[in-house]
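Following: one structure in structure tokens, then a few remarks.
Proteins get letters first, then strands, A, B, ... in listed order; numbering begins at 1 in each. Note that the structure is a prediction, hence the values are computed from the model and not measured.
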2 protein chains.
Amino acid sequence: MIKIDSTTQTCSNCPIRPRAICSRCTGEELDELGKIKYYKTYSPGASVVLMGDPMTFVASVVSGVATLSRSMADGRMQMVGMLLPSDFIGRPGRDIASFDVTAVSELTLCHFHKRAFEKVTSSTPHVQERLVEIVLDELDATREWMLLLGRKTAREKIASFLLICARRLGTQEGESLQMSLPLTRDAMSDYLGLTIETVSRQMAALKRDGVLVLEGTRKVTIPDLNRLLDEAGDDSDGATLP
Amino acid sequence: MIKIDSTTQTCSNCPIRPRAICSRCTGEELDELGKIKYYKTYSPGASVVLMGDPMTFVASVVSGVATLSRSMADGRMQMVGMLLPSDFIGRPGRDIASFDVTAVSELTLCHFHKRAFEKVTSSTPHVQERLVEIVLDELDATREWMLLLGRKTAREKIASFLLICARRLGTQEGESLQMSLPLTRDAMSDYLGLTIETVSRQMAALKRDGVLVLEGTRKVTIPDLNRLLDEAGDDSDGATLP
DNA sequence: TGGAGAAATTGATTAGGATCAAGGTTTGCC
DNA sequence: GGCAAACCTTGATCCTAATCAATTTCTCCA
């Protein structure tokens, strides 16, 4: 029987957070799943799946960071999503991966066999409904990202990225907010549709202007979240992560 | 009882194409829906829903073209999707619209009350499954579009757009392919993350280079689809429409 | 059929980010 | 601790697409 640890918001029987899949699970529905899970670890840079590969599993991120991306024949590539702990990888009903999944840090996934997973979801209406919701959330976040890619300036893109990271990874520290960036400058440039040089320059500019404080290259402090929000040029504060 | 007209691939009882929602409906599941549908017409430029509005219906496009878009406080906007006949508008389980829907031509929608629709879907597993699939398709198309917005040149963007239009709207005409563009230059620029001037110039360039033939401003002939595919710089030929 | 307004094209100029090219810093490992 | 490789920053220059500014071409209705 699956229990939800309401403190950590993490399902105690599996690393899939309630918001990811089992928010309404009170009982045995996912029990079978718990029995068939297995863990797998990937080193930084390792490929989890390649576009076109058969997808025989669904999984959730236990620890580390992974990216979703698509690339062109000549090597240009665009990240289309970033996966943090508790995020879900998988396409119920789909057999072929439609993008690359790559580990950007030491990454641990909790796998489930896709068929078994599908068996559970298809026989459990509320899990099915939750799936539609998850995918709709992803779609919303992805469309938000389209606005960023198509219309925002480099500075706004960086600010938006920091904002998204702050929302998911930031910890309050008195007035300000602290976090450790999940991506290298290089991966950031892939995500934002920029070059690494532009990312570096704009980070420097935001630092110079007091929007952020950098300690080393990854540790970021945001002294004033509203200031960052302004810089991101965002209407909606519902920005989430594709 | 819903019947599927296999010739037109259109459900005879409602204008939702089988691929959109009821490909496996052989019987009464959607019967109730057929009774409660109603049609509504919008003139060009009219707003169907605005971001943040309560969404009390789901609908499908009967005729005309609509766009999905998001905009920033200062007026910059980005189209995030284009809806052609048979496409589906709606977010089962969602009460608030997360983008604007606008008619770009005379537009007729077939509406269903959302609650009634949800009742049908939630009690019909295979319709539920189909819903997940529809949203996953949209997600794939949207991610494909992210690659375009983030990494393609203006010329490649135009070529990609033409390719997508050709796939959905083109009619074989001997060796070549003909179609009528569904969007104005202005709407194209919104879709592609460009300005209207750049769209115009690149269309002219592609015409000059023999990739397309223009008759008036909307009628396009593609003499060689492979040439266009090259210009679009696309790996996958699975490009679909967000 | 003519004319007005919308839509599209074309030209000149500018600017934001890419590219090319060195240097600096971290990080990790022996 | 020292070294190498990866990662990051900074500078100079270039180029693509944006911006500003007129026309020109459609469209559609009186």
[atom1] of [X] versus [atom2] of [N]: gap in Å, rounded?
X        : N      : atom1 : atom2 : value
B/Lys219 : D/dC26 : NZ    : C1'   : 14 Å
A/Leu214 : D/dC8  : CG    : P     : 11 Å
A/Met203 : D/dT10 : CE    : P     : 11 Å
B/Ile196 : C/dG11 : CD1   : P     : 17 Å
A/Asp190 : D/dC7  : CG    : C1'   : 14 Å
B/Arg185 : D/dT25 : CZ    : P     : 15 Å
B/Glu215 : C/dA8  : CD    : P     : 16 Å

Counting only heavy atoms not in A/Glu175, do more than 12 sit closer than 6.0 Å to its CD atom?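 12 or below, so no.
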
I'd like to know if [X] and [Y] make a salt bridge, using a cut-off of under 4.0 Å between side-chain N and carboxylate O.
X        : Y        : result
B/Asp87  : B/Arg168 : yes
A/Arg143 : A/Glu138 : no
A/Lys152 : A/Glu231 : no

Side-chain contact, heavy-atom cut-off 4.5 Å: A/Met146 with B/Phe99?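 No, their side chains stay 4.5 Å or more apart.
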
Listing time: all N or O pairs from protein to nucleotides 16-20 of chain C that are below 3.5 Å?
{"residue": "C/dG17", "atom": "OP1", "partner": "A/Ala154", "partner atom": "N", "Å": "2.8"}
{"residue": "C/dA18", "atom": "OP2", "partner": "A/Thr195", "partner atom": "N", "Å": "3.3"}
{"residue": "C/dA18", "atom": "OP2", "partner": "A/Thr195", "partner atom": "OG1", "Å": "3.0"}
{"residue": "C/dA18", "atom": "OP2", "partner": "A/Thr198", "partner atom": "OG1", "Å": "2.4"}
{"residue": "C/dT19", "atom": "O4", "partner": "A/Arg201", "partner atom": "NH2", "Å": "2.8"}
{"residue": "C/dC20", "atom": "N4", "partner": "A/Glu197", "partner atom": "OE2", "Å": "3.1"}

Mind listing the side-chain donor-acceptor pairs of residues 193-207 of chain B below 3.5 Å, one per line with the distance, residues two or more places apart or on another chain?
{"residue": "B/Thr195", "atom": "OG1", "partner": "B/Thr198", "partner atom": "N", "Å": "3.4"}
{"residue": "B/Thr195", "atom": "OG1", "partner": "B/Thr198", "partner atom": "OG1", "Å": "3.1"}

Name the atoms and distances for all side-chain donor-acceptor pairs under 3.5 Å in residues 42-49 of chain A, with sequence neighbours left out.
{"residue": "A/Tyr42", "atom": "OH", "partner": "A/His111", "partner atom": "NE2", "Å": "3.2"}

Could you run down the sub-3.5 Å N/O contacts of the protein with nucleotides 23-30 of chain C?
none

Between the first and last five pairs of the helix from C/dT1-D/dA30 to C/dC30-D/dG1, the angle of the axes, rounded to 10 degrees: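 Terminal axis comparison yields 40°.
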
Could I get the full list of salt bridge (Lys or Arg N to Asp or Glu O under 4.0 Å) partners for B/Arg218, not counting sequence neighbours?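 With neighbours one apart ignored, the set is empty.
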
